[in-house]
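Take a look at the structure below.
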Amino acid sequence: MSVGLILLAEPITVLMFGETYQSSYPVLVIWSPIIVIIGLSQVYGKSLLYSTGHELLMTMCTFLGMVMFLVVGIPGIISFSFFGAAAASLAAEITVTLSMMIIGKKPNWKFK
């Protein structure tokens with residue numbers, strides 16, 4: 001689905017929103033990998049961490065994603081408008097998923 005969306009982003013944008021929004025199709029290209037990334041996040045987060053009682057770790061991973069969104073999003077939106085917002089969303093989802101994958105390998109971490 002992600003690859004198809006990347007390849008067909010421009011015609012889909014024109015079909016759904018009209019010629020006026022044709023220049024915004026790169027946002028759809030930027031967001032397309034989120035389909036796979038969120039799927040992996042659900043597998044690691046809900047299936048692994050949540051089901052084994054590590055809700056705090058899952059919350060911490062989500063918090064890291066929020067921090068990444070702010071770090072990338074604020075300058076990105078100021079400099080690149082909606083393209084920066086799309087990139088910040090992608091960076092945040094990648095951060096959440098990678099942190100869940102890393103923590104999921106050793107979920108018995110102790111926090112003091």
Side-chain angles (χ1 to χ4, degrees):
M1 285 175 36
S2 290
V3 172
L5 204 51
I6 290 168
L7 295 174
L8 298 172
E10 188 171 8
I12 288 172
T13 304
V14 171
L15 178 70
M16 297 292 290
F17 307 111
E19 295 286 333
T20 311
Y21 291 93
Q22 185 175 8
S23 63
S24 68
Y25 83 89
V27 172
L28 190 56
V29 172
I30 294 169
W31 274 347
S32 294
I34 288 181
I35 296 169
V36 175
I37 294 166
I38 288 179
L40 289 171
S41 175
Q42 292 297 313
V43 168
Y44 280 96
K46 298 227 173 169
S47 298
L48 185 63
L49 295 176
Y50 188 77
S51 67
T52 57
H54 293 95
E55 295 89 359
L56 178 62
L57 294 176
M58 214 170 104
T59 304
M60 290 174 60
C61 294
T62 305
F63 180 77
L64 287 174
M66 181 203 65
V67 170
M68 177 60 78
F69 183 83
L70 292 174
V71 167
V72 174
I74 291 172
I77 292 169
I78 291 170
S79 301
F80 302 106
S81 183
F82 52 89
F83 297 112
S89 295
L90 182 63
E93 291 299 338
I94 289 171
T95 302
V96 170
T97 302
L98 285 177
S99 62
M100 285 183 182
M101 291 170 92
I102 291 166
I103 289 174
K105 288 184 179 181
K106 187 178 178 187
N108 295 328
W109 293 10
K110 303 292 181 200
F111 296 97
K112 296 179 182 181

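Values below: all heavy atoms of this structure, side chains included; hydrogens, waters and symmetry mates excluded.
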Residues in side chain to side chain donor-acceptor pair (under 3.5 Å) with Gln22, at least two apart?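 In terms of side chain to side chain donor-acceptor pair (under 3.5 Å), with neighbours along the sequence ignored, Gln22 is linked to Glu10.
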
State the [atom1]-[atom2] distance between [X] and [Y], to the nearest 0.5 angstrom.
X      : Y     : atom1 : atom2 : answer
Ile103 : His54 : CD1   : NE2   : 10.0 Å
Gln42  : Ser47 : CD    : OG    : 8.0 Å
Leu57  : Thr62 : CG    : OG1   : 10.5 Å

Please test Phe63 against Met66 for side chain to side chain contact (heavy atoms under 4.5 Å, CB included), starting from the C-alpha separation and ending with a verdict. CA-CA 5 Å; Phe63 180 77; Met66 181 203 65; 3.3 Å; yes

Treating Ile, Leu, Val, Met, Phe, Trp and Tyr as nodes and any side-chain heavy-atom pair under 4.5 angstrom as an edge, say whether [X] and [Y] lie in one connected cluster.
X     : Y     : answer
Tyr44 : Ile34 : yes
Leu48 : Tyr50 : yes
Ile6  : Met16 : no
Met58 : Ile38 : yes
Met1  : Val3  : no

Throw together a table of side-chain donor-acceptor distances under 3.5 angstrom for residues 73-102, partners on residues two or more places apart or in other chains.
unit_1 : atom_1 : unit_2 : atom_2 : d
Ser79  : OG     : Pro75  : O      : 3.0
Ser89  : OG     : Ala85  : O      : 3.1
Thr95  : OG1    : Ala91  : O      : 2.8
Thr97  : OG1    : Ile37  : O      : 3.1
Thr97  : OG1    : Glu93  : O      : 3.0
Ser99  : OG     : Thr95  : O      : 2.9
Ser99  : OG     : Val96  : O      : 2.9

Minimum heavy-atom separation for Pro11 to Leu8, with atom names?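 Between these two residues, the closest heavy atoms are CD-O, 3.3 Å.
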
Residue pairs, two or more places apart or on separate chains, that pass side-chain hydrogen bond (donor to acceptor under 3.5 Å, both in side chains) and touch residues 24-41: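 As it turns out, there is no side-chain hydrogen bond (donor to acceptor under 3.5 Å, both in side chains) pair with a partner in residues 24-41 once direct neighbours are skipped.
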
